[in-house]
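Working notes, beginning with the structure itself.
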Amino acid sequence: MHGPRARDLMTPDVVTVPPEMSVAAIARLLSERGISAVPVVGADGALRGIVTEADLIRRLAGQEDEPPGWFASLFADPEALADRYARTHGLTAEEVMTTPVVTVGPDETAQRIAHLMEERGIRRVVVTEDGRLRGIVSRADLLRALVVPPPETTGQLSDERIRRAVLAAMRKEPWADTFHTVVEVKDGVVEFHGFRRSEAVQRALRVLAENVPGVRKVVDRTQPLPPYLYAVA
């Protein structure tokens with residue numbers, strides 16, 4: 001897969017903290033450096049965890065936690081309660097840090113990193129190699145992948161080749177309809193004819209075609225799918 005890799009996007013000179021560093025000192029460090037997270041690295045150089053702004057805010061908010069009532073305590077998870085107590089009352093990096101850390105290798109693609117961030121609901125991934133910290137890729141770093149110019153193709157792709165590429169891409173998507181939707185290409189301009197199931201499908205088809213190399217423009221001439229065709233759709 002082509003495109004930027006973790007090594008191209010990451011911030012290499014990462015500020016780290018030892019496991020015994022105090023929470024107050026970490027908060028000052030984040031504020032002074034204008035950063036939102038610091039990896040926790042042991043004396044052996046191994047990555048132990050990461051302390052984020054969210055961890056510190058959780059600790060602050062946890063000071064207002066009320067012990068569960070008698071009835072609620074019957075259904076509470078003691079392990080989860082103990083973990084939250086430690087992380088909201090801890091005094092050092094090791095006690096409040098997030099573990100395990102989501103890591104990627106230097107050659108991981110921007111697409112895979114974006115998928116991990118969305119899937120895990122996180123704002124950054126740590127780049128490691130042979131167990132050692134190499135850098136961090138944040139959401140801001142990842143945005144650079146969107147402005148990297150696509151690789152130039154050698155020569156002009158034929159309209160038929162573009163049409164086949166669009167159809168091949170459509171067949172991979174369960175929402176795309178190659179039975180009721182016809183694809184035509186002329187001078188690199190893709191035109192969709194026939195019928196569409198919804199506006200969401202119409203929008204997705206345009207995006208799909210725009211991502212095919214060689215496509216200069218996309219024109220949608222489809223119409224809403226008539227009710228009598230739903231039976232055979």
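Atoms considered below: every heavy atom in the structure, side chains included; atoms not considered: hydrogens, waters and symmetry mates.
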Between side-chain atoms of residues 205-213 and protein atoms elsewhere (two or more places apart, or another chain), which donor-acceptor pairs fall under 3.5 Å?
residue: R206; atom: NH1; partner: V218; partner atom: O; Å: 3.0
residue: N211; atom: ND2; partner: V207; partner atom: O; Å: 2.8

Which side-chain N or O atoms in residues 166-174 pair as donor and acceptor under 3.5 Å with protein atoms at least two apart or in another chain?
residue: E173; atom: OE1; partner: W175; partner atom: NE1; Å: 3.4

Donor-acceptor pairs under 3.5 angstrom involving side-chain atoms of residues 19-36: please list them, not counting sequence neighbours.
residue: S22; atom: OG; partner: A25; partner atom: N; Å: 3.1
residue: S36; atom: OG; partner: R124; partner atom: NH2; Å: 2.9

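How far CZ of R139 is from CG of L143: 9.5 Å, rounded to the nearest 0.5 Å. We find the CD1-OG1 distance between I122 and T98 to be 10.0 Å, quoted to the nearest 0.5 Å. Between the NE2 atom of H180 and the CG atom of L225 there is a distance of 5.5 Å, given to the nearest 0.5 Å. Atom CG of residue L56 and atom CE of residue M97 lie 13.5 Å apart, to the nearest 0.5 angstrom.
Between D141 and T11 the shortest heavy-atom distance is OD2-OG1, 3.4 Å. Between F195 and P226, the shortest heavy-atom distance links the atoms CD2-CD, 3.4 Å. Between P18 and A93, the closest heavy-atom pair is O-CB, 3.7 Å. The minimum heavy-atom distance between I162 and G188, with the atom names listed, is CD1-CA, 4.2 Å.
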Legend entry - CA sep, side-chain torsions, deciding dist, call: V38, I50, side-chain contact (heavy atoms from CB on, under 4.5 Å): CA-CA 6 Å; V38 284; I50 189 169; 6.0 Å; no

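In terms of the side-chain contact (heavy atoms from CB on, under 4.5 Å) criterion, residue partners of R7 (sequence neighbours excluded) are, by chain and number, R5, P106, D107. Checked against side-chain contact (heavy atoms from CB on, under 4.5 Å), T103 has the following partners two or more places apart in sequence or in another chain: L47, V101, V126, T128. With sequence neighbours excluded, the residues satisfying salt bridge (Lys or Arg N to Asp or Glu O under 4.0 Å) with E129 are R134. Remark: H193 pairs with V182, E184, E191, R221 by the side-chain contact (heavy atoms from CB on, under 4.5 Å) rule, at least two apart or across chains. With sequence neighbours excluded, no residue forms a side-chain hydrogen bond (donor to acceptor under 3.5 Å, both in side chains) with D8. A search for salt bridge (Lys or Arg N to Asp or Glu O under 4.0 Å) contacts involving E160 returns R163, R164, not counting sequence neighbours. Partners of A43 according to the side-chain contact (heavy atoms from CB on, under 4.5 Å) rule, which considers only residues two or more places apart in sequence or in another chain, do not exist here.
Considering V125, V127, V14 in turn, V14 is the only one that fulfils the side chain to side chain contact (heavy atoms under 4.5 Å, CB included) rule with I136.
Tracing side-chain contacts under 4.5 Å through hydrophobic residues (I, L, V, M, F, W, Y), one never reaches V17 starting from L133; they form parts of separate clusters. There is a path of hydrophobic side-chain contacts, each under 4.5 Å, that joins M10 to V104.
Looking only at side-chain heavy atoms (C-beta outward), R216 and D187 come within less than 4.5 Å of each other.
A salt bridge is absent between D177 and R196; no separation between the charged side-chain nitrogens and carboxylate oxygens falls under 4.0 Å.
A 6.0 Å sphere centred on CZ of R132 holds more than 12 heavy atoms belonging to other residues, nucleotides or ligands. Sparse packing is recorded around CD of E199, with 12 or fewer heavy atoms of other residues, nucleotides or ligands lying under 6.0 Å away.
Residue V189 is found in a hydrophobic cluster whose other members, listed by chain and number, are V219; membership requires side-chain heavy atoms under 4.5 Å apart, directly or through intermediates.
Sorted by first and then second residue, the pairs that involve residues 39-52 and meet salt bridge (charged side-chain N to carboxylate O under 4.0 Å, His left out), not counting sequence neighbours, are R48-E94.
E95 places a side-chain N or O within donor-acceptor distance of the main-chain N or O of T92, the cut-off being under 3.5 Å.
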